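Below is one structure, written out as structure tokens; comments come after it.
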Amino acid sequence: MNARLLPYVLIAPVTAFLCVFFLYPFFLVAQQAFTTGNGFTMDNFREVVGYWKFPISMRNTFLLALAVVPIQLALSLLMATMVNKMKRGRDLVLYVWTIPLGISDLAAGIIWLAIFEQSGFLNSMLHGLGVVDQPTSFLSYQNLTVVFIAIMLAEIWRATAIMLVIIVAGIGLIPKEYYEAAEVFGASPWKRFVKVTLPLLRPSLQTALILRVVLAFEVFAVVAALGGSTFPVLMEQIYENQFLLQNSGTAAALALIVLAISIFFTLIILRALRVPKGATI
Amino acid sequence: MAEIQIKNVAKRFGEYQALSDINLTIADQEFMVLLGASGCGKSTLLRIICGLETATEGEVWIGGRRVDHLAPKDRGIAMVFQNYAVFPHLTVFENIGFGLRMQKQPNDEVKRRVERTAELMHIEQLLGRYSGELSGGQRQRVAVARALAMEPDVILMDEPLSNLDALLRLEMRAELKGVLAESNTTAIYVTHDQVEAMSLADRISVMHQGRIVQAATPVEVYRNPAERFVAGFIGNPPMNFLPANRADAGKWTVAGQTYDGPHAADGSVEFAIRPEDIAPAESGLPAKVRLIEPLGAHLLVTCDVDGTMFRAVLESDLELKTGEIINLAPHADRIRWFDKSTQQAVA
């Protein structure tokens with residue numbers, strides 16, 4: 001076989017798979033979003049944006065992303081630095097820290113629900129310690145802040161590890177001589193982190209942040225388990241449109257909006273953390 | 001003034017004794033080379049001096065101040081790393097100015113010193129580039145400029161030329177010597193390359209198995225090796241050794257010939273001579289020619305003397321044939337003797 005053709009032949013099956021199962025459905029969704037019974041229209045978008053829950057779910061999704069992602073970034077950097085300093089037991093600690101990754105998000109939501117609900121661990125504990133007289137309902141619509149914090153905690157617990165593993169791998173790629181040089185030339189441990197680790201970690205930070213931010217806009221099961229309808233988010237709106245209202249056109253429109261937001265943030269992250277030509281390790 | 005004193009330094013990594021009983025004084029503005037094969041402890045000693053490693057025992061003094069408990073930045077040192085460690089995310093300018101920025105020097109002072117050292121290292125046209133856009137030689141220059149910009153009392157170099165190709169290494173070697181002589185700093189330079197050591201050093205410390213075997217001028221190390229190891233390590237080809245038998249007081253028989261040797265030696269000694277300190281003569285060590293390698297200026301002749309391999313560097317116009325037996329006479333004042341049990345030189 002012609003050696004120049006071979007690579008294309010080899011990637012053909014994957015390309016075909018992606019076209020059939022991703023690209024084609026994507027066009028179908030786009031078509032659904034932009035059409036009703038009578039040709040091209042923006043009606044679906046008008047309808048979902050005009051719906052009273054849309055601004056609330058949009059705000060909730062952004063607030064959650066804004067509250068969760070920076071904390072996860074800081075935590076994963078801290079954890080990765082700690083893991084990298086370890087001489088023994090490093091792999092074990094990493095395994096333990098990544099356990100939540102192996103649990104589905106709905107299961108994670110249910111675990112945290114078991115903690116926060118009226119007959120949950122937290123109430124039993126507080127009651128047992130005599131802090132409260134009777135179990136309180138933490139996750140009710142009167143306690144939106146608590147609901148928000150519970151979702152935040154669950155999300156941080158569930159999805160920090162995905163950033164952690166990327167960052168641990170990234171830090172492992174930075175040659176130790178750079179740290180020694182920085183130390184000899186007078187950089188304190190904090191300066192070494194800021195002046196050596198962070199800039200050299202940009203490619204890994206890019207990947208980790210893009211992955212995490214995109215996932216943050218797709219948050220659904222954890223919120224559904226802990227907040228239910230008291231805390232609407234974008235994904236939940238898609239579910240509602242598709243399965244409760246049986247309106248696939250509006251559901252598709254919402255999906256495209258989430259996609260646009262994800263692409264927008266991906267581009268921002270790519271731009272903000274880009275590495276100039278010639279400045280790679 | 002930055003005299004360096006290393007007092008009774010030892011370093012153990014677990015069970016492994018990396019350095020033992022290191023005592024060394026390096027004079028102000030001296031160029032000291034730590035020379036040895038890999039694993040001899042030379043890099044460990046350098047890292048102890050700069051503070052990246054802590055000695056298990058002993059003290060390090062720089063400029064009359066004990067520094068072994070201080071952070072690297074407080075020791076008045078700068079370092080050139082083997083792999084350069086030029087930060088890839090910073091421009092050449094920011095790399096050279098890195099240490100100055102850490103000292104919070106004002107901008108115009110950073111600019112002045114960066115530009116001056118860049119000029120000294122002939123890289124002023126590269127200041128805006130990243131290290132990924134530089135050749136190995138240029139990165140090396142940046143690493144040296146970064147150290148010089150600190151105007152340190154002591155500059156430490158860990159095999160700084162070992163990653164360059166042969167021609168560039170020669171060029172940089174000459175340049176380094178010039179630049180460092182002008183900068184009036186004390187320099188400690190680690191290498192496994194004896195030619196580099198001989199050409200750069202004011203003094204060489206030959207290291208072997210975690211000890212300093214000999215610390216002396218290059219000529220002294222070459223002419224009068226203190227130990228058999230030094231004699232075999234320095235010089236290419238290395239010194240020849242032949243067994244010797246005591247003939248009389250101060251007389252030793254070597255391959256049937258009698259030479260004046262040490263009086264006091266009670267045990268057995270070895271006869272040693274450099275390959276270039278030998279000439280063909282009417283009488284001398286009988287040598288059977290095994291291999292002739294013309295090197296242009298000289299002939300490198302490998303022979304068999306008394307069943308031992310023996311190398312001689314001879315005049316290139318000599319006509320020799322393999323298998324031929326010739327007499328090789330050593331220059332009497334260049335003969336050295338080593339005690340076989342202590343390995344030490346004996347006079």
Side-chain angles (χ1 to χ4, degrees), chain A residues 73 77 80-81 84-90 166-210 268-281, chain B residues 14 43 46-47 49-53 70-92 94-105 126 128-135 138-139 142-143 146-150 152 154-159 163:
Chain A
L73 178 65
L77 279 169
T81 316
N84 263 288
K85 284 264 188 292
M86 292 178 72
K87 291 206 170 66
R88 228 178 279 175
R90 182 194 131 109
I166 296 170
I167 289 171
V168 165
I171 287 183
L173 290 178
I174 302 174
K176 142 176 146 296
E177 277 205 334
Y178 292 133
Y179 292 103
E180 294 188 339
E183 189 181 347
V184 167
F185 286 98
S188 61
W190 173 248
K191 281 272 183 208
R192 269 176 261 158
F193 179 72
V194 175
K195 297 274 178 186
V196 180
T197 309
L198 282 186
L200 292 180
L201 207 53
R202 273 180 295 187
S204 309
L205 285 177
Q206 255 181 3
T207 314
L209 271 176
I210 289 172
I268 285 186
I269 294 166
L270 282 177
R271 171 89 192 146
L273 293 174
R274 78 186 189 291
V275 179
K277 194 172 160 284
T280 46
I281 294 179
Chain B
S43 290
L46 193 79
R47 291 168 63 84
I49 297 169
C50 87
L52 288 171
E53 207 79 70
L70 298 179
K73 70 178 166 71
D74 301 320
R75 298 185 179 202
I77 52 145
M79 186 151 166
V80 180
F81 290 82
Q82 182 172 7
N83 300 322
Y84 320 134
V86 171
F87 300 118
H89 58 290
L90 298 179
T91 59
V92 168
E94 286 304 327
N95 261 291
I96 300 175
F98 187 87
L100 303 172
R101 293 256 190 249
M102 290 299 127
Q103 290 178 345
K104 298 201 164 56
Q105 298 276 359
L126 303 176
R129 298 224 198 141
Y130 288 105
S131 84
E133 302 164 302
L134 304 178
S135 69
Q138 288 169 330
R139 262 179 238 180
V142 175
R146 178 172 63 184
L148 289 173
M150 300 292 285
V154 180
I155 190 161
L156 307 170
M157 287 169 278
D158 189 2
E159 308 239 6
N163 287 358

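Reckoned from all heavy atoms, side chains included, excluding hydrogens, waters and symmetry mates. The model shown is predicted, which means the values in this text are computed figures rather than measured ones. First the proteins, then the strands, lettered A, B, ... as listed; each starts at 1.
Of the two parts of B:Gln103, neither the backbone nor the side chain holds a non-hydrogen atom closer than 4.5 Å to a non-hydrogen atom of chain A. For a residue to count as touching a neighbouring chain, one of its non-hydrogen atoms must lie under 4.5 Å from one of that chain's; by this rule B:Arg47 touches chain A with the side chain only. If you measure heavy-atom distances from B:Val86 to chain A, the contacts under 4.5 Å come from the backbone alone. Of the two parts of B:Met150, only the side chain, counted from C-beta on, holds a non-hydrogen atom closer than 4.5 Å to a non-hydrogen atom of chain A. Proximity to chain B (any heavy atom under 4.5 Å) is shown, for A:Val275, by neither the backbone nor the side chain.
The shortest distance between side-chain heavy atoms of A:Tyr178 and B:Pro88 falls below 4.5 Å. Between B:Lys73 and A:Phe185 the shortest side-chain heavy-atom distance does not fall below 4.5 Å.
Between chain A and the options B:Gly99, B:Gly132, B:Pro152, B:Ala85, the largest number of non-hydrogen pairs under 4.5 Å is found for B:Ala85. Options A:Pro175, A:Pro199, A:Ala279 differ in how many heavy-atom pairs under 4.5 Å they form with chain B, and the most are formed by A:Ala279.
Closest heavy-atom contact between B:Arg146 and A:Ala181: NH2-CB, 4.0 Å. Shown here for A:Val184 and B:Cys50, the closest heavy-atom pair between the two residues is CG2-SG, 4.3 Å. Smallest separation of non-hydrogen atoms from A:Glu177 and B:Tyr84: OE1-N, 4.3 Å.
Taking 4.5 Å as the heavy-atom cut-off, the residues of residues 188-195 of chain A that approach chain B are A:Lys191, A:Lys195, ordered by number.
Interatomic distance, CG of A:Leu201 versus NE2 of B:His89, reported as 11.5 Å (0.5 Å rounding).
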For this session: Applying side-chain contact (heavy atoms from CB on, under 4.5 Å), run through B:Phe87 and A:Leu200 and close with a yes or a no.
Result: CA-CA 9 Å; B:Phe87 300 118; A:Leu200 292 180; 5.6 Å; no
